[in-house]
Amino acid sequence: MLNRGRILLPFNLLLFTIAYFKQRKSMVVTRFAPSPTGYLHIGGLRTALFSYLWARKNGGKFVLRIEDTDKARNSEEAAQKILQAFTWLGLSSDEEIVYQSQRDDIYRKYIQQLLDENKAYYCYMTKEELDALREEQQAKKERPRYDGRYRDFSGTPPKGVEPVIRIKAPTSGTITVHDGIKGSIEFKVEDMLDDFIIARSDGSPTYNFVVAVDDALMGITDVIRGDDHLSNTPKQIVVYNALGFEVPKFYHVPMIHNAQGKKLSKRDGATDVMEYKKMGYLPEALLNFLVRLGWSHGDQEIFSLEEMVSLFDPSDINRSASIYNVEKLDWLNAHYIKNSSNERIERLLEEDFGFILSSHDKKEVLLDALKERAKTLKDIVDMAQEILNPPSQYDPKAVKKAFKADAKEILEDFKNTLAQKESLHLPVDYHDVMEEVVQKRQIGFGKIGQPLRVSLLGKLGGPGLDVVMTVIGKEETIARIDKALREL
RNA sequence: GGCCCCUUCAUCUAGCGGUUAGGAUUCCAGGUUUUCAUCCUGGCCACAGGGGUUCGAGUCCCCUAGGGGUCACCA
C-alpha cells in the first residue's frame, strides 16, 4: 500500500498539472462594461447575457466593469440600477466589480510608460486649433485627422497650453480585426487612424485607452460587445500593441433595431430592463427572448439557462441586426408563467405588485386558472381583482347579449338551487349545480352561463364560472346574483 | 461624405451547392371551451435586384440598390 501510494503521488501530480494547464489555456474570461449613465437597456443585457453564457460554458469567468470615468454624466445611482437589474435576472459577476473611477493610478502608470518608451507624446495643439484644422480638412473633403505636428516635437512648448497626450499610431499599413462573428476585417490605417488622444489636458485617460488597458489587465480573453464598437477596435489594438498586451478575441454582435430599423433608443418604449419586471415579465422569459435575438440553435425556441449555457456559442450569432418586437416575448412569458409553481407566482405577485393572496383559502384554484390565461403577472393581478371584487358596473353590450327574456327566471332558479347546497369546495361542485339546472330546465349551458357570467363579473369572457364561484364562495355568488337581478 | 458591417415570410430565425426553402411568433380559419383566453389542427406569407462560376446557387464571386454603424480632449 505504501509503495503504491508513493508511485501514485507523482503520477497524480502530473495529471493534475496537465489538467491545470489545459484549463488555463482554454480559460475564457468575458466582461460586461456598461457606463452608468442611465438604466440597463435591452441591448446591453443581451451582450451581457452572451458574455455570461460563453464564460459559463467554458467554465470561465464573467466580470462586470463599471465605466464611470465621465464624472459629469455618470451617477452612483445609475450604477446601482444596473446592478439591480443583474440581480433580478440572476446574472452575477464572478469577481469583484471593477470601477474605472478607482483605477486612475493604473492608467497614469501605463500612460507614463508609453511616454517613457517614446510611444506617446505631448501635443500642445489647442482645442481651437484642432477645430480649425478639422474644418479646413472638411472643406477640402478630406478625412478629419490630426496632422501629427507634435509627434516628434522637440522645441519649446507654447506657453499656457495644457497638453494632451497622443499615442503614436502606425502611419501606414492595415490593422486586421479578427472577429468571431463577422470574420476578419481589414482597416487601412490611412483612412481609420491618427495619433489619437489617450489623455486629456486635465490628465484623465480616454475611453479607447482605458478599455484596452482594463481588458488586458483583467485578463479578458473574449470581448463580446455591440458592433457599434467595431470601428473602435483598431484603436484599441494599437493600445494593446504599444503596451505589449495580447490582443483578445473579439465578437461584435449586431445591434438590436427598433421597428424603424434604427438603433434602439430610449424613445422606443420599454428599453429599461427593470421596466419588464414592473410589467410582470419573468426573468427567464426575458433572457430566453433575448438569447434568440440574433442567435439560434436549430428550431429550438425554449431554452432554460442551463441549456443556453451548454448550447451557446458566439460563432453562431447572426451577422445582421435584428428588429426588436415584443410579440414573442409575450408568448414566452405566458409559457413560463404556465410552468411556474403557484408558490412562486404568489410570491412575485406580492413582491412586485403588492397583491397579497396568502390568506385566500381558494388561492390554488384561482392561480391554476389564471396562470393558463395570463401573458404577464400584471394580467394575473388584473384578472384576480375582477373576480375577487364584485362588478362595479355591468358592460351594457354584455347585458344586452346575455339577458334575454328568460334569463332572470333561470338565474333565480340557479340561485335557489345553489342556496340549498352544502359542502361546495371544488369547481366541479359548482359545475354540478349548473348541470342540475340545465338538465331540469332542458336548456343549453349558455342559457345559464351568459347571464350568470354578467352577474358575477359584469362582462362576458373570463375564467370558467365554476372556478369563479369556487373562489368567491356560495354566499358571495348569491349576493352578486341578487344584485344583478335587482339592477338589470 | 470617408471607412466598416448587413440583406431568407410582417417579426425572430433554420439552411453551410441538389430541400415541395423548415420552425417559431403574429395574423386568418376550424376544433375544444357555457364565454374569453389557453390548448390542438390547418392556412396565408420570404431567398432585395442584376450579372457571373457551376450539370446545378438562398448558399461561392462581382456589381447595383437599400438599410445600419462609426468618424470627439463621450463612453
Side-chain angles (χ1 to χ4, degrees), chain A residues 33-37 67-70 72-74 100 123 125-127 130-131 134 138 141-145 162-166 177 179 181-183 185-188 190-192 196-202 204-208 210-211 226-234 252 254-255 257 259-263 289 292-302 318-332 334 338 369-375 379 383 398 401-402 431 434 438 443-454 457 459-466:
Chain A
S35 57
T37 53
E67 308 209 322
D68 54 352
T69 52
D70 186 350
R73 295 200 303 155
N74 294 156
Q100 283 185 333
C123 170
M125 205 171 173
T126 63
K127 227 171 187 170
L130 197 58
D131 288 342
R134 204 181 347 257
Q138 271 164 347
K141 302 239 187 250
E142 285 172 9
R143 179 175 78 89
R145 62 189 295 188
E162 285 298 327
V164 298
I165 299 170
R166 291 180 180 272
V177 176
D179 190 274
I181 295 172
K182 307 201 184 242
I185 302 157
E186 275 203 357
F187 293 94
K188 285 198 192 70
E190 56 188 291
D191 49 41
M192 275 302 293
F196 57 93
I197 294 170
I198 57 173
R200 304 181 185 90
S201 39
D202 67 359
S204 63
T206 58
Y207 174 75
N208 283 120
V210 296
V211 167
D227 75 357
D228 50 344
H229 285 286
L230 190 54
S231 43
N232 279 326
T233 308
H252 286 96
M255 301 278 88
H257 285 168
Q260 286 72 247
K262 300 269 201 293
K263 198 175 171 179
F289 173 69
R292 281 287 287 102
L293 219 54
W295 177 83
S296 61
H297 183 258
D299 287 340
Q300 189 169 344
E301 296 287 348
I302 306 290
N318 259 222
R319 300 149 86 96
S320 56
S322 35
I323 291 175
Y324 176 80
N325 184 320
V326 290
E327 282 162 346
K328 210 164 194 167
L329 174 60
D330 283 341
W331 172 73
L332 281 165
K338 280 187 198 78
L370 297 188
K371 275 194 319 190
E372 284 297 312
R373 41 185 47 251
K375 282 191 165 62
D379 286 349
M383 291 187 293
K401 203 173 165 196
H431 186 86
M434 289 177 78
V438 161
I443 53 175
F445 243 101
K447 280 281 188 187
I448 183 169
Q450 301 280 70
L452 183 55
R453 184 168 289 285
V454 173
L457 300 173
K459 60 169 197 175
L460 297 171
L465 290 170
D466 46 4

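Keep in mind it's a predicted model, so treat the numbers as computed, not measured.
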Please identify each residue that fulfils salt bridge (Lys or Arg N to Asp or Glu O under 4.0 Å) with [X], with sequence neighbours left out.
{"X": "Lys371(A)", "value": "none"}
{"X": "Arg319(A)", "value": "none"}
{"X": "Arg134(A)", "value": "Asp131(A)"}
{"X": "Lys375(A)", "value": "none"}

[X]: which residues meet the side-chain hydrogen bond (donor to acceptor under 3.5 Å, both in side chains) condition with it, sequence neighbours left out?
{"X": "Lys401(A)", "value": "none"}
{"X": "Ser204(A)", "value": "Arg200(A), Asp202(A)"}
{"X": "Gln300(A)", "value": "Glu307(A)"}
{"X": "Asp299(A)", "value": "none"}

Between the protein and nucleotides 1-9 of chain B, which nitrogen or oxygen pairs come in under 3.5 angstrom?
{"from": "C5(B)", "atom 1": "O2'", "to": "Lys182(A)", "atom 2": "NZ", "distance (Å)": "2.7"}
{"from": "C6(B)", "atom 1": "OP1", "to": "Arg319(A)", "atom 2": "NE", "distance (Å)": "3.1"}
{"from": "C6(B)", "atom 1": "OP1", "to": "Arg319(A)", "atom 2": "NH2", "distance (Å)": "3.1"}

Original post:
For nucleotides 32-39 of chain B, read 5' to 3', which letter fits each nucleotide if B means a protein heavy atom sits under 4.0 Å from the base, S means only the sugar-phosphate is that close, and - means neither?
Top reply: --BBBBSS

**OP:** Could I get the full list of side-chain contact (heavy atoms from CB on, under 4.5 Å) partners for Lys188(A), not counting sequence neighbours?
**Re:**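 Thr174(A), Glu190(A), Asp191(A).
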
Report, one pair per line, the protein and nucleotides 62-67 of chain B atoms (nitrogen or oxygen only) whose separation is under 3.5 Å.
none

